[in-house]
Amino acid sequence: MTIAHEVARRRTFAIISHPDAGKTTLTEKLLLFAGAIHIAGSVKARKASRHATSDWMDIEKQRGISVASSVMQMEYRDCVINLLDTPGHRDFSEDTYRVLTAVDAALMVIDAANGVEPQTLRLLQVCRARNTPIITFINKLDREVREPMDLIDEIERVLEMPVVPCSWPVGMGKQFYGVIDVRSQSMRVFRPGVDRIKEQDEIIDDLDDAARTRPFGDTYTHALQESRLVSGVSPAFDAPTFLAGKQTPLFFGSAVNNFGVREVLDALVDFAPPPQPRPALQRTVRPDELKFSGVVFKIQANMDPAHRDRVAFIRVCSGRFVRGMRLKNCRTGKDLRPNNVVSFLSQRRDLLEEAYPGDIIGIPNHGVLQLGDTLTEGEDLQFTGLPFFAPELFQSVEIADPLRSKQLRSGLAQLGEEGAIQVFRPHTGGSLLLGAAGALQFEVVAHRLRHEYNAEARLVPARYTAARWITSDDPKELKRFIEFNAHRIAHDVVEAPTFLITHQAELDVAQENWPAIRFHALREHAGLVFQSAMDA
C-alpha cells in the first residue's frame with residue numbers, strides 16, 4: 001500500500017460540546033457502531049461496574065465527567081478513524097484547544113433542549129480560527145426538547161454558519177419514532193436500545209408509503225412536511241464550503257438510544273477530509289511525503305499507574321512510521337528509537353508496528369518529550385499552533401507531609417509537563433505556584449497528587465489574577481526587567497519567564513515603563529512563538 005492510499009482512508013476528528021450535551025455517550029456509540037466495542041458503558045451509571053470507554057481516570061468514573069482528552073482508533077467502511085474525545089468543561093478547555101490542533105475535522109454535539117451553549121460557541125470559534133470543517137449532531141431527541149426549526153435558526157444565527165440538514169427527526173420524547181435520511185429519502189425506525197446494536201434496523205425506503213408510516217400518525221406527517229420545506233430553503237451541501245469551515249451538515253438523534261449514530265458515522269467517512277498539509281515554521285508539510293514527521297500535542301501521565309508512565313501523544317503528519325525507526329527530536333537535536341509504541345482505545349493500548357498520517361501514536365517516555373516537540377527522520381522542523389494560555393487563577397502549593405516533598409515535586413513536574421496544570425517556580429524561591437483556567441483543575445490536580453503520587457498537598461489561593469509571558473529583542477533589557485521585578489517573576493515548566501499580576505493597572509504601568517518588553521497572553525512552545533492577537 002502506498003502512503004497516498006493510506007492517507008486517503010484516514011479520518012481524524014475531535015468531538016466537541018458543552019458539558020452534558022452527550023459527547024462522551026456519542027463517542028461510545030460511534031465505537032459501538034464501528035465494531036470497536038461490543039457493549040457501551042454508561043457515563044451516568046456511576047455506581048455501576050461499567051464506565052465510558054473514553055473516561056478512564058478514577059475521578060472521571062466517580063463524577064461522570066471527562067477531564068482529559070482520550071484517543072480511540074477504529075475501522076469502519078475501509079477507513080481508519082481516529083476519534084479524539086475532549087473535555088467539555090470550560091476549566092479543561094486548554095487541553096481541548098491543543099487536541100483541536102491535531103485533527104482535520106470536528107463533530108459538534110448540541111443538546112436539543114438547550115441549544116447553543118457558551119462552551120460550544122467558544123470551541124467553535126477555535127475551530128473556525130483554523131478553518132476546521134464541522135459536522136453537527138443535535139442530541140437527546142428522546143426527550144421533550146425544542147423544535148428542530150428553532151434549533152436550526154439558533155445555530156445559523158449564533159454560530160453564523162449555514163446549516164445543511166442531512167437528517168430530520170420524526171417526533172421527540174415518547175413520540176420519537178426515528179429519523180428521516182434527507183440524502184437517501186428513507187426513514188430509519190428506531191427502538192430504544194442502550195448497550196448493544198440490534199441485528200437489523202427497520203428502514204422505510206418510500207417516505208410516501210402510507211401503510212408503513214401510518215403507525216406514526218400526525219407526528220410523521222408533520223416531520224415529513226418540515227423536512228421537505230427545510231430541504232427546499234436550505235443550501236445544498238457543497239464540499240469546498242464545508243471543508244473551509246463555512247457550512248455544517250446537520251444530523252438529529254439520540255446517542256443514548258442509538259438513534260442517528262450510524263448516519264453520523266457515515267457522514268464522517270463521506271464528508272470529513274483525509275489528513276491535510278500542516279504548517280511548520282520552515283515550510284508546509286504534506287501528508288503524502290515519504291519522510292516521517294509528527295508533533296507531540298498531548299502528554300498524559302499515569303495511564304498505567306503501576307508503572308508511573310508518561311505517554312506522549314503524537315499526531316503523524318507525514319510519511320510512514322515504523323516501530324524502532326530512528327527519530328530526531330528537533331527541540332533537543334537528540335535521536336530516539338521508540339520500540340514500545342502504542343495505538344489507543346482510550347486507556348487500552350495495543351503495540352503497533354506502523355502508522356500513517358492522521359494516526360495518533362503513543363510513545364511512553366520519562367520526560368524526554370514535551371508538548372509541541374516535533375519528531376522527524378532528520379529534517380529540522382517546528383510545527384506551529386500548539387497553544388498555552390496565560391492562566392487566570394492561581395494557588396500556592398504547601399506540602400502537607402514534609403517527608404513526601406520529593407513525591408509532590410515529582411508529581412507537579414509531571415502534571416505540568418502534560419499540561420494538566422501550569423506550574424510556576426518563583427524567581428526568588430519559595431512555594432511553587434499553580435496556574436489554571438478554572439477552579440476544577442485545582443481539584444483534579446489535588447486528587448491526582450493524592451491517588452497517583454501518594455502526595456498530599458494543601459492548595460492556598462494566591463493573590464495573582466493574571467500572568468503574561470515576557471520576551472524582548474534585547475536580552476540585557478529582559479534581564480534588567482526580571483531583576484527589577486524579581487518578586488513578580490516566575491518560570492514555567494519550560495523555564496519561560498512570566499510576569500505575575502495582581503491588578504490590571506500593574507500590567508498597564510509595566511507596559512508603559514518598559515517599552516522594550518513584550519507581554520504575551522499565549523505561548524506556543526519552548527521556542528516562544530506568539531500570536532500577537534492574544535498579547536497583553
Side-chain angles (χ1 to χ4, degrees), residues 93-95 97-98 100-101 122 125-126 128-130 278-283 295-297 330-332 370-374 380-394 416-417 419 421-430 432-438 462-536:
S93 56
E94 192 167 339
D95 190 27
Y97 294 154
R98 285 196 285 266
L100 288 174
T101 69
R122 192 174 293 111
Q125 289 169 342
V126 175
R128 292 177 68 176
R130 302 178 59 85
R278 304 185 73 79
L281 288 178
Q282 296 78 5
R283 64 183 182 87
V295 61
V296 179
F297 69 92
C330 295
R331 173 178 57 86
T332 65
Q370 295 181 357
L371 286 168
D373 279 357
T374 298
D380 281 323
L381 290 174
Q382 175 59 61
F383 288 107
T384 61
L386 197 74
F388 293 80
F389 296 93
E392 300 171 359
L393 300 174
F394 296 85
E417 285 174 4
I421 198 90
Q422 294 197 45
V423 182
F424 296 92
R425 173 181 56 81
H427 185 72
T428 54
L432 292 176
L433 197 65
L434 302 185
R463 59 194 178 95
Y464 303 112
T465 58
R468 292 293 183 268
W469 285 283
I470 51 176
T471 61
S472 177
D473 293 331
D474 185 347
K476 290 183 179 179
E477 187 71 357
L478 180 61
K479 182 179 180 182
R480 196 167 74 86
F481 177 84
I482 291 174
E483 291 174 349
F484 187 84
N485 295 280
H487 62 295
R488 296 187 178 280
I489 299 296
H491 301 269
D492 69 5
V493 70
V494 295
E495 293 299 323
T498 311
F499 182 60
L500 302 172
I501 305 154
T502 55
H503 301 288
Q504 178 63 33
E506 294 171 350
L507 176 60
D508 296 338
V509 169
Q511 288 175 308
E512 183 177 343
N513 292 342
W514 298 85
I517 303 298
R518 291 190 294 271
F519 299 82
H520 308 278
L522 179 74
R523 175 174 72 77
E524 266 206 19
H525 185 48
L528 292 176
V529 181
F530 296 93
Q531 294 180 6
S532 59
M534 297 289 293
D535 290 353

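The salt bridge (Lys or Arg N to Asp or Glu O under 4.0 Å) check on R463 picks up nothing, with sequence neighbours excluded. Residues satisfying the ring pair (Phe, Tyr, Trp, His ring centres under 6.0 Å) criterion with H491, sequence neighbours excluded, are H427. Remark: Y464 pairs with no residue by the ring pair (Phe, Tyr, Trp, His ring centres under 6.0 Å) rule, at least two apart or across chains. Residues forming a salt bridge (Lys or Arg N to Asp or Glu O under 4.0 Å) with D380 (at least two apart in sequence, or on another chain): K328. Annotation: salt bridge (Lys or Arg N to Asp or Glu O under 4.0 Å) contacts of R480 (sequence neighbours excluded): E477. Legend: residues meeting side-chain hydrogen bond (donor to acceptor under 3.5 Å, both in side chains) with D492, ordered by chain and number and at least two apart, are W469, R523.
The two atoms that bring A490 and F424 nearest to each other are CB-CB, 3.8 Å, heavy atoms only. For S472 against I517, the heavy-atom pair with the smallest separation is CB-CD1, 3.8 Å. Of all non-hydrogen atoms in I421 and A436, the two that sit nearest each other are CD1-CB, 3.8 Å. Listed here is the closest heavy atom pair of A390 and A467: CB-O, 3.1 Å. The two residues T465 and T502 have their closest heavy-atom pair at OG1-O, 3.0 Å. Nearest heavy atom pair, residue A280 against residue L381, reads CB-CD2, 4.2 Å.
Between F388 and L371, the closest side-chain pair of non-hydrogen atoms falls below 4.5 Å. No side-chain heavy atom of D373 sits under 4.5 Å from any side-chain heavy atom of T332.
Rounded to the nearest 0.5 angstrom, E392 CD and I501 CD1 are separated by 11.5 Å. Rounding to the nearest 0.5 angstrom, the gap separating the CZ atom in R98 from the CG atom in L100 is 11.5 Å. Between the CD1 atom of I489 and the CD atom of E483 there is a distance of 11.0 Å, given to the nearest 0.5 Å. To the nearest 0.5 Å, atoms CZ (F499) and CG (N485) are separated by 5.0 Å. From L507, atom CG reaches atom CG of L500 across 11.5 Å, with rounding to the nearest 0.5 Å. Atom OG1 of T471 and atom NE2 of H520 lie 2.5 Å apart (nearest 0.5 Å).
Side chain of Q382 to main chain of R331: no donor-acceptor pair is present (N/O by atom type, distance under 3.5 Å, no hydrogens or angles). Q422 contributes a side-chain N or O that, together with a main-chain N or O of F389, makes up a donor-acceptor pair within less than 3.5 Å. When atom types are taken as modelled, the side chain of T374 and the backbone of F383 share a donor-acceptor pair closer than 3.5 angstrom. The backbone N or O of P426 lies less than 3.5 Å from no partner atom in the side chain of T428, so there is not a single donor-acceptor pair.
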Report the C-alpha distance between V423 and L434 in whole Å, list the side-chain angles of each, state the deciding distance to 0.1 Å, and finish with yes or no for side chain to side chain contact (heavy atoms under 4.5 Å, CB included). CA-CA 5 Å; V423 182; L434 302 185; 3.9 Å; yes
Can you check side chain to side chain contact (heavy atoms under 4.5 Å, CB included) on R468 and T498, steps first, answer last? CA-CA 6 Å; R468 292 293 183 268; T498 311; 5.9 Å; no
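Crowding of E512 atom CD: a count of heavy atoms from other residues, nucleotides or ligands under 6.0 Å not exceeding 12.
Ring orientation note: the planes of W514 and F484 are tilted relative to one another, at an angle of 30° to 60°.
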